[in-house]
Amino acid sequence: MKRLLAIAVAATAMLANAQTFPGSKPISIVVPFAAGGPTDLVARQLGEAMRKAMGGSANFVVENAAGAGGTIGATKVARAAPDGHTLLLFHIGMASTPALYKKIAYKPLEDFEFLGMVNEVPMTLIGKPQLPANTYRDFENYIRANAGKLNIAHAGLGSASHLCSLMWQSAVKAKEAMTTIPYGGTGPAMNALLGGQVDLMCDQTTNTTGQIESGRVKAFAVTTAKPLSKHKLLKDYPTLQEMGLKDFELTIWHALYAPKGTPPAVLKQINEGLKMALKDPDFIKKQEALGALVVTDGRLEPAAHKAFVAAEMAKLKPVIEAAGQFAD
Ligand code: ASP
């Protein structure tokens with residue numbers, strides 16, 4: 001009897017929550033990386049597009065919870081109140097961190113509600129402008145000639161830039177040639193590159209396009225399987241496959257999550273807001289200018305989003321094991 005009563009009370013609370021959601025309380029999008037990086041940028045653009053899509057009634061704020069390759073922010077959201085006011089925008093790290101870390105505090109497929117995919121983003125291999133190399137070939141030769149002297153920045157163990165640097169260093173067999181330096185996100189890592197404290201980085205085009213265009217960093221290659229022939233700037237850079245790194249392919253994706261147990265009606269409202277936001281021409285244009293492609297396919301549905309993450313986890317595990325380096 002007591003149990004039935006508890007279920008009834010919980011159901012009434014859930015219904016009330018769904019009817020009043022979002023109310024006046026802001027919806028926080030937790031970005032598990034530092035401000036000024038690609039995930040942060042996507043979250044800010046998405047928050048604005050979702051606010052418009054939800055009739056201006058929802059007030060989105062971005063909260064940066066950086067550290068440990070995104071796992072600190074993801075843990076925070078897994079443990080947050082499941083009321084729709086705390087969401088997580090995470091990238092491929094949702095699927096790669098279980099293989100990159102020996103232990104993480106959440107289970108990607110069990111501790112979250114899946115709200116839908118947002119975008120897909122290529123990565124670029126970039127270096128500080130002072131590097132003497134101008135082409136990928138020269139760059140590789142330079143790295144070999146300077147074994148032990150160079151630093152490569154990334155956004156923390158388990159981050160996408162870490163994954164890319166692992167895969168690339170293992171493909172070119174240049175692991176011993178450089179020291180990896182972790183940051184809380186590629187925002188601060190980019191600052192270190194611009195300041196010349198580090199030599200290179202592999203990062204999402206969301207963060208690098210503007211810097212490449214203004215000549216503040218040098219780009220050497222893109223990480224997609226096919227050249228980015230439609231992009232006015234990035235079309236000029238070869239793929240790593242074209243440069244002889246057989247089967248090299250890395251595309252980063254972002255997606256939105258809520259803590260497990262968020263009421264279904266609230267999830268539906270957020271998912272609808274997300275779907276509408278992704279049709280916003282202004283959002284699409286801004287993303288495309290940064291080399292990112294807004295998702296338009298079935299992965300906007302929670303079940304397909306979850307199946308995609310599960311497939312990515314299975315795909316990345318052997319790739320990460322082959323690259324052969326793990327975080328604690
Ligand atoms: N680009 C970062 C990464 O390497 C994350 C970020 O700062 O958005 O995972």
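What you see is a predicted model; the values in this text were computed from it and never measured. Counting convention: from 1, in listed order, for ligands and their atoms alike.
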Note to self: Tell me whether Ala160 has any N or O atom under 3.5 angstrom from an N or O of ligand 1.
What the structure shows: yes

Note to self: Is there a polar contact between ligand 1 and Thr39, counting only N or O atoms under 3.5 Å apart?
What the structure shows: yes

Next item on the list: Consider ligand 1: state whether an atom of it lies below 4.0 angstrom from any non-hydrogen atom of Gly93.
Entry: no

Notebook entry, point to check: Hey, is His154 one of the residues with a heavy atom under 4.0 angstrom from ligand 1?
Noted result: no

Next item on the list: Could you tell me which atoms of ligand 1, counted from 1 in the order shown, lie closer than 4.0 angstrom to a heavy atom of Ser159?
Entry: 3 (C), 4 (O), 9 (O)

Next item on the list: Using a strict 4.0 Å cut-off to heavy atoms of Gly185, name the atoms of ligand 1 that fall inside it.
Entry: 7 (O)

Notebook entry, point to check: Does the side chain of Thr262 come under 3.5 Å of the side chain of Glu113 through a donor N or O and an acceptor N or O?
Noted result: no

Check: Given that the side chain starts at C-beta and the backbone is N, CA, C, O, which of these parts of Asp203 lies under 4.0 Å from ligand 1, counting heavy atoms, or is it both or neither?
Finding: side chain

Next item on the list: Any chance you could pull the hydrophobic cluster mates of Leu41, using side-chain heavy atoms under 4.5 angstrom and chaining through other members?
Entry: Leu290

Item checked: Over 12 foreign heavy atoms within 6.0 Å of NZ, Lys268 -> no

Notebook entry, point to check: Does atom CZ of Arg44 have more than 12 heavy-atom neighbours from other groups under 6.0 Å away?
Noted result: yes

Return the residue, atom name and 0.1 Å-rounded distance of the protein heavy atom closest to [atom].
{"atom": "atom 7 (O) of ligand 1", "answer": "Thr186 N, 2.9 Å"}
{"atom": "atom 1 (N) of ligand 1", "answer": "Gln204 OE1, 2.5 Å"}
{"atom": "atom 9 (O) of ligand 1", "answer": "His91 NE2, 2.6 Å"}

Notebook entry, point to check: If you measure from atom 4 (O) of ligand 1 to every heavy atom of Gly184, Pro38, Ser161, which option wins on shortest distance?
Noted result: Ser161

Notebook entry, point to check: With sequence neighbours left out, which residue pairs that include part of residues 242-257 fulfil the salt bridge (charged side-chain N to carboxylate O under 4.0 Å, His left out) condition?
Noted result: none

Check: So do the side chains of Met123 and Thr205 get within less than 4.5 Å of each other, counting heavy atoms only?
Finding: no

Item checked: The single option from Gln287, Gln45, His91 passing side chain to side chain donor-acceptor pair (under 3.5 Å) against Asn119 -> Gln287

Next item on the list: Give me the ring orientation class for Tyr257 and Phe112: parallel if the planes are under 30° apart, tilted from 30 to 60°, perpendicular past 60°.
Entry: perpendicular

